[in-house]
Amino acid sequence: MKIATWNVNSLRVRLEQVCDWLGKVNPDFLALQETKLTDENFPSAAFEALGYQTLFSGQPTYNGVALISRETPTDVLTNLKGMQDPQHRVLGATYGKIRILNLYVPNGQSIDSEKYQYKLQWLKKLDLQLADDLAHYERLVVLGDFNIAPEDNDVHDPAAWEDDILVSPLERAALERIKKLGLTDVFRLFDQEDKSFSWWDYRAAAFRRNRGLRIDLILASKSLSQACSYCRIDTEPRKLERPSDHTPVVAEFSL
DNA sequence: ATGGTGGCGCGGCCA
């Protein structure tokens with residue numbers, strides 16, 4: 001089973017790139033974030049033409065998440081436990097024996113922003129949701145744009161980023177809490193190149209200079225992480241004309 | 001360089 005995550009920063013703009021990528025990589029599941037589309041505008045036909053089914057939770061202009069899959073989803077979730085968030089950032093579904101939770105974690109803007117408090121509150125709600133999910137689903141994948149770089153080796157210049165948004169201690173503590181519930185960042189199960197990142201700012205030629213962060217993660221429950229055969233970041237889409245600022249992360253599980 | 005670029009949508013917000 002091959003599963004991937006990609007923050008596309010507008011599915012309208014990136015649709016052709018996403019379809020080309022699906023044709024090349026052929027994942028069983030693709031979790032998308034920042035689709036920036038209303039549900040009535042979701043381009044399902046393009047995915048159906050490639051043999052995929054679609055599930056989405058969108059809104060105008062901002063946010064929006066989707067799951068592209070070979071199988072049919074059941075038990076769909078669009079809000080964290082105890083939340084009625086007008087920002088559409090969550091999409092959970094069951095596919096056979098696999099439970100998938102696709103997340104677009106709030107960015108937080110800066111640590112003195114109200115948006116940072118929203119991010120921290122959101123991550124507390126996520127804690128409750130994941131405790132519940134882990135109790136119910138043995139095979140759980142939680143993936144998406146976490147907007148948190150877990151460790152200093154996930155940051156191009158840790159000194160420059162110290163205490164900044166995406167790396168601040170409270171955010172990292174929230175991610176640690178989540179992992180301690182029983183989820184593994186499968187990228188770090190394997191040897192990886194130094195300075196492996198999944199996001200680079202559009203500004204200041206950050207991609208060319210590899211000034212990035214690894215903030216797009218695939219977390220797996222114990223039985224799944226033991227079955228993980230690889231996890232890699234595919235930097236090819238970031239090299240295209242008019243790319244997303246994020247690039248896909250892919251993991252395979254031998255099931 | 002306290003800026004820079006990109007998406008949405010047409011001014012200003014968000015990342």
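Throughout, protein chains are lettered first and strands after them, A, B, ... in sequence-line order, and every chain is numbered starting at 1.
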Would A:Arg89 count as a cation-pi partner of A:Tyr104, with NZ or CZ less than 6.0 Å from the six-membered ring centre and within 45° of the ring normal? yes

Please determine if A:Asp132 and A:Lys81 form a salt bridge, counting it only when a charged side-chain N lies under 4.0 Å from a carboxylate O. yes

Heavy atoms under 4.0 Å, any strand shown: does A:Arg211 hit a base, just sugar-phosphate, or nothing? nothing

Determine the interatomic distance between P on B:dG9 and the same-named atom on B:dT5; round to the nearest Å. 22 Å

Considering only atom P, compute the distance from B:dG3 to B:dG7 and round it to an integer number of Å. 23 Å

Could you measure between the two P atoms, the one in B:dA1 and the one in B:dG12, and give it in whole Å? 30 Å

Would you say the side-chain atoms of A:Arg14 and A:Asn7 include a donor-acceptor pair closer than 3.5 Å? no

Within the structure shown, what part of the strands sits under 4.0 Å from A:Tyr104 by heavy-atom distance: base, sugar-phosphate, or nothing? sugar-phosphate

In terms of relative ring orientation, are A:Trp161 and A:Trp199 parallel, tilted or perpendicular, with 30° and 60° separating the classes? perpendicular

Pairing donors with acceptors under 3.5 angstrom, does anything connect the side chains of A:Ser44 and A:Thr54? yes

Most 5' of A:Pro106 and A:Pro60 on DNA chain B, judged by nearest nucleotide: A:Pro60

A:Lys36 vs A:Gly108, nearer the 5' end of DNA chain B by closest nucleotide: A:Lys36

Base, sugar-phosphate, or nothing for A:Arg89, non-hydrogen atoms under 4.0 angstrom? sugar-phosphate

Reading DNA chain B from 5' to 3', where do the contacts with chain A start and stop? Cut-off is 4.0 Å to heavy atoms. B:dG4 to B:dA15

Examine the side chains of A:Asn210 and A:Trp200 and answer whether a donor and an acceptor come within less than 3.5 Å of each other. yes

